[in-house]
Amino acid sequence: MVYDLNFALNSVNAAGGEKEGRVEIGVPLVFSTAFCTSSLENHTLPTMAAIGNRGTVTEAAGFSADADAQKLRDAMKGAGTNEASIIEVLAHRTIAQRQRIKEAYKQTVGKDLADDLSSELSGNFRSVVLGLLMLAPVYDAYELKYAMKGAGTEEACLIDILASRSNAEIKTICEVYKKEYGKDLEDAVSGDTSGMFRRVLVSLLTAGRDEGNTVNEAQAVQDAKEIYEAGEARWGTDEVKFLTVLCVRNQKHLLRVFQEYEKISGRDIEDSIKREMSGSLEDVFLAIVKCLRNKPAFFAERLYKSMKGLGTTDSVLIRIMVSRAEIDMLDIKAQFQKMYGKTLYSFIKGDTSGDYRKILLELCGGE
């Protein structure tokens with residue numbers, strides 16, 4: 001059985017059954033065999049140019065999977081590792097090309113590329129490299145799994161992924177999660193979260209948002225009125241009404257609802273969410289609104305917050321740089337500069353170090 005990873009952007013058809021994984025410092029690599037192996041010849045791997053690439057990572061010209069596999073093998077031969085060669089190859093190939101490299105490596109070396117790299121590398125640099133080797137939905141499923149592993153949950157990861165992916169992407173992530181971990185993603189999320197926050201995530205996981213372009217003017221006014229009456233106009237907040245509108249209606253319709261809401265309430269919808277809610281529920285509703293309005297700006301803000309102040313939230317930085325490099329990193333960079341008056345490149349350069357910094361800067365694609 002071969003999954004058709006039907007992503008609107010950043011997709012390739014499932015090929016290769018390598019072991020893959022992203023590891024944090026000190027966490028052993030545990031990643032089960034992903035998909036049934038299938039011949040690459042039998043599957044068309046769409047070019048990013050064909051599906052509207054706004055990423056910094058584009059198809060390498062004159063690409064040879066065999067040559068790249070050999071280069072990676074040479075980089076890991078003998079004492080020490082040539083990290084520069086690893087960066088040169090993996091940060092400048094598309095996901096589709098990396099799948100071909102993995103296949104070529106397995107054929108010529110008889111081992112999994114991800115396993116070999118995992119044993120040679122460490123820390124955040126390893127996390128980036130292993131993330132780059134995964135198909136997009138496999139990476140998302142992996143991130144979600146490890147956000148819910150052990151004590152505590154990284155709610156930010158659940159929010160970042162589920163509030164920003166399309167219906168098709170979420171459906172595929174759910175399929176991959178079930179295949180990889182033998183459990184429904186909805187069950188995993190339900191068991192790890194609670195209250196209205198859980199209900200919002202479960203709603204997003206149904207992948208039932210209207211993705212049409214129809215704006216029903218009368219309904220938009222009604223929706224705005226109902227949200228207002230569920231929040232600002234009453235004591236306490238009826239969060240279910242927010243869920244019903246924000247998780248179900250299409251993007252164009254909701255942008256109209258937000259305009260109507262401001263007319264009725266005198267406030268921006270984001271300000272009202274901040275006033276009426278708190279914690280993870282506030283975060284997920286804000287993420288939904290921000291992604292509907294301007295997804296690259298949402299990710300720019302997440303990147304900024306991951307690096308500003310003392311310390312760096314590496315899990316967020318890595319997840320966004322890996323998952324958006326081939327989709328909309330050009331737009332994220334532009335939004336970052338517009339919003340913060342500094343380049344994303346300069347922020348990463350000032351906040352990271354070593355090979356970890358080098359590979360992130362390559363994914364960022366220059367100033």
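Below 30°, between 30° and 60°, or above 60°: for Tyr304 and Tyr340 the angle between ring planes is below 30°, a parallel geometry.
Donor-acceptor pairing under 3.5 Å is lacking for the side chains of His253 and Gln219. For the residue pair Glu59/Thr94, the side-chain donor-acceptor check at 3.5 Å is not satisfied. A donor-acceptor contact closer than 3.5 angstrom is absent between the side chains of Glu103 and Gln99. In the model, Arg256 has a side-chain atom that pairs as donor or acceptor with a side-chain atom of Gln259 under 3.5 Å. Checking Gln337 against Thr343 by side-chain atom types alone, no donor-acceptor pair falls below 3.5 Å. In this structure, a donor-acceptor pair under 3.5 Å is present between the side chains of Asp116 and Tyr105. In summary, the side chains of Asp331 and Gln335 do not present any donor paired with an acceptor at a separation below 3.5 Å, with no hydrogens or angles considered.
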For this session: Please test Phe336 against Phe347 for ring pair (Phe, Tyr, Trp, His ring centres under 6.0 Å), starting from the C-alpha separation and ending with a verdict.
Result: CA-CA 10 Å; Phe336 194 98; Phe347 248 69; 5.2 Å; yes
For this session: Report the C-alpha distance between Lys71 and Ile86 in whole Å, list the side-chain angles of each, state the deciding distance to 0.1 Å, and finish with yes or no for side-chain contact (heavy atoms from CB on, under 4.5 Å).
Result: CA-CA 8 Å; Lys71 190 179 281 189; Ile86 293 168; over 6 Å; no
Problem set entry | Derivation of the side-chain hydrogen bond (donor to acceptor under 3.5 Å, both in side chains) call for Tyr177 and Asp184 | CA-CA 7 Å; Tyr177 195 96; Asp184 285 330; over 6 Å; no
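To the nearest 0.5 angstrom, Phe258 atom CZ is 11.5 Å from Ser272 atom OG. Considering CD1 of Ile320 and CG of Leu303, their distance stands at 4.0 Å, rounded to 0.5 Å.
Side-chain contact between Val284 and Leu162 is absent, with no heavy atoms from C-beta onward closer than 4.5 Å. Glu155 has its side chain within reach of Phe197: a pair of non-hydrogen atoms, C-beta onward, lies under 4.5 Å apart. Residues Tyr261 and Val221 fail the side-chain proximity criterion, which asks for heavy atoms closer than 4.5 Å. Residues Ile269 and Glu262 are not in side-chain contact: their nearest non-hydrogen atoms beyond the backbone lie 4.5 Å or more apart.
With Lys333 contributing its side chain and Gly366 its backbone, the two residues share a donor-acceptor pair below 3.5 Å. Side chain of Thr56 to main chain of Leu330: no donor-acceptor pair is present (N/O by atom type, distance under 3.5 Å, no hydrogens or angles).
Judged by the 6.0 Å and 45° rule, Lys290 forms no cation-pi pair with Phe298.
In the hydrophobic clustering of this structure, Ile170 does not group with Val202; members are Ile, Leu, Val, Met, Phe, Trp, Tyr whose side-chain heavy atoms approach within less than 4.5 Å, directly or through other members.
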